Trainee: 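Here it is, the structure, as structure tokens.
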Amino acid sequence: MLIYNTLSRKKEEFHPINPGLVTMYVCGPTVYDFFHIGNARSFIMADIIRRYLEFKGFNVKFTMNITDVDDNIIKKSIQEKKPASEVAAYYAQAFFEDLKKLKVSAATFNPKATNHIETMINLISDLEKKGIAYNVNGNVFFDVSKFNEYGKLSGKNINELEAGARIEINDEKKNPLDFALWKKTKEGEPSWDSPWGKGRPGWHIECSAMSTTLLGKTIDIHAGGNDLIFPHHENEIAQSESAFEQKFVNYWMHFGFLNIQNEKMSKSLGNFFTAREILTKYSAEAIRLFFSQTYYGGPLNFSDELLDSAQKGAEKIINLAEKIEHSLKAATDNGVNPDFDFQKYYDDFAKVMDDDFNTPQGVAVIFDFVKAVNKIISDNEKIKIQFFVDAKKFLKDVADNVLGIISLEQLGKSSEGILEDDLIKLLIGVRETLKKEKNFSLADQIRNDLNKLGIILEDSKFGTTFKKR
RNA sequence: GGCGCUGUACCCAAGUGGCUUAAGGGGAAGGUCUGCAAAACCUUUAUUCGUCGGUUCGAAUCCGACCGGCGCCUCCA
């Protein structure tokens, strides 16, 4: 299996530290607002990577942190005149709700920064003892000049950075690139006691602390958005490797941005849609398919047209799954036993996904499968039930469990309850009679009127079936 | 200025030296099935991969130049 490693800027063969186990850390949200659909891309692609590793048989310890103390949260708490902890708790809750709606699997660990302050303080103390961190009036900074590999992840050169620096002048720093490990408290801010007085941690230190505590000093995979490469991940490496004197992360993975009209979607530009907003218009499956149809590392434009096209693609898979369900219910064991090589599709899927999680090609394998199965269904009057059992299993294993672009267990489930479904079935029955009597105008009227209510009737060789828009 | 990503059909997008005279999705056109629809199936929709050169028996894929889009270098997935 190959993974593109930002550190080496090439694809590398993946070897986890412990066979059969993968330690994976993904930078999660700062909880001061709902996350947007661009953030969702990272969360979903990380989820798909995790699920594929599990599909391959790895036990994945998947960690995603919650940054619940930070400048933006404090700003929001002042605006809303609420305690910072309340703001953070509210948006953390919303974060989990939205992830669930997007069908992102629960993480093994979701550590919150404020639960790991002690570890961070110890880590900073170690760095200070080593002479790598320095305290100026209760602010502690990391001395970038003491870590001679600084810049190795982002390909930046310290001297060039200094030359082109547009960094805010801070008299307390020895070097403009030095970054805060510990920030002295200001009036009204959340704070903790520390050897340097009351204060709060800098942003970067939390990931070093939590990753090490939960997963170990060296982990297999650390992932996040492209914009975290510098300075965030660069700083994590500097802190962790200075403190522990061993490699922090073996494989660094970064997700491309979601753009709107070729411009990065971001909170500061204001050109964003929240994930929960998009979820009112499009299914999680369509959103996941949309992201899966592009390589995770590249840029991707966002628009309603593109999501519409993904929604239609998702329906194509659902249509097949529904046909399979009807066939399974019809349950007959006489019929042809089609010559169909299911294993080939599993092999093809694994082959392309093994190449740095090539989800676009993985999706293509699924659509090839959908087409091939549809063809067999339309070419044969009766098919043995085993064929449908196997076909369903493939969709479950690959399209549902790995990519999450279909939800088999939700098929045919009515959110409105059984009564409504029974009423629709009643109308279908009436319409069947009308059709037999050649009263097509009334039969069509029933179909059209139901359609206006969002219920679509389809006549097929399985009889009349319905689905809801 | 430094570093990185990117330019493939009407739209999105894979492929990065021969397996591809270029996957897959959407759209469009024609056909089959159907009382009609829908769904599904079949056919068509890039001799061509930003432009111009070069390397090679062979390139969308490698090299060079040029043109265009984007990002990071400051909080940001």
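Predicted model, so just to flag it, every value in this text is computed and none were measured.
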Trainee: Is A:Asn374 close enough to B:rC41 that one of its side-chain N or O atoms is under 4.0 Å from OP1 or OP2 there?
Mentor: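 For A:Asn374, the contact criterion (side-chain N or O under 4.0 Å from OP1 or OP2 of B:rC41) is met.
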
Trainee: Counting distance alone, no hydrogens or angles: does the base of B:rG71 have a donor or acceptor under 3.5 Å from a partner atom on the side chain of A:Asn259?
Mentor: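 No pair found.
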
Trainee: Send over the distance from A:Arg9 CZ to B:rC3 P, rounded to a whole Å.
Mentor: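 After rounding, the gap between these two atoms is 11 Å.
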
Trainee: Rounded to whole angstrom, note down the C1' distance from B:rA23 over to B:rU34.
Mentor: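 Per the computed distance, 32 Å lies between those C1' atoms.
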
Trainee: Would you indicate, yes or no, if B:rG25 has its OP1 or OP2 atom less than 4.0 angstrom from a side-chain nitrogen or oxygen of A:Lys371?
Mentor: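 It does not, given that no N or O in the side chain of A:Lys371 lies less than 4.0 Å from OP1 or OP2 of B:rG25.
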
Trainee: For a quick check of understanding: with a heavy-atom distance under 4.0 Å over all strands, which category does A:Phe43 fall into, base, sugar-phosphate or nothing?
Mentor: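 The answer is nothing, as A:Phe43 stays clear of every strand by at least 4.0 Å.
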
Trainee: How close or far is atom C1' of B:rC11 from atom CG of A:Leu307, stated in whole angstroms?
Mentor: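 Rounding to the nearest Å, CG of A:Leu307 and C1' of B:rC11 are 14 Å apart.
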
Trainee: Please pick, from B:rG71, B:rC12, B:rC70, the nucleotide with the shortest atom-to-atom distance to any side-chain atom of A:Leu306.
Mentor: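 Nearest listed nucleotide: B:rC12.
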
Trainee: Taking the same atom, C1', in B:rG15 and in B:rC62, what whole-Å distance lies between them?
Mentor: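 Result for the C1' pair: 16 Å, nearest Å.
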
Trainee: Scan side-chain atoms only and decide if A:Glu206 and A:Asn65 contain a donor-acceptor pair under the 3.5 Å cut-off.
Mentor: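 There is such a pair (donor and acceptor under 3.5 Å, judged by atom type) between the side chains of A:Glu206 and A:Asn65.
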
Trainee: Where the side chain of A:Phe257 is defined as all heavy atoms beyond and including C-beta, which of B:rG24, B:rA14, B:rG71 is the nearest nucleotide?
Mentor: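 The closest nucleotide is B:rG71.
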
Trainee: Would A:Phe43 and A:Phe35 count as a close aromatic pair, with their ring centres under 6.0 Å?
Mentor: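 Yes, the ring of A:Phe43 comes within the 6.0 Å limit of the ring of A:Phe35, centre to centre.
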
Trainee: Is there a donor N/O on one and an acceptor N/O on the other, under 3.5 Å, for the side chain of A:Asn226 and the base of B:rC5?
Mentor: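 Check fails, no donor-acceptor contact within cut-off.
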
Trainee: So, are A:Asp356 and A:Lys11 salt-bridged, with charged N and O less than 4.0 Å apart?
Mentor: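 Between A:Lys11 and A:Asp356 there is no salt bridge, as every charged N stays at least 4.0 Å from the carboxylate O atoms.
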
Trainee: Quote, to the nearest angstrom, the P distance that separates B:rC41 from B:rG58.
Mentor: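 Their P atoms lie roughly 42 Å apart.
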
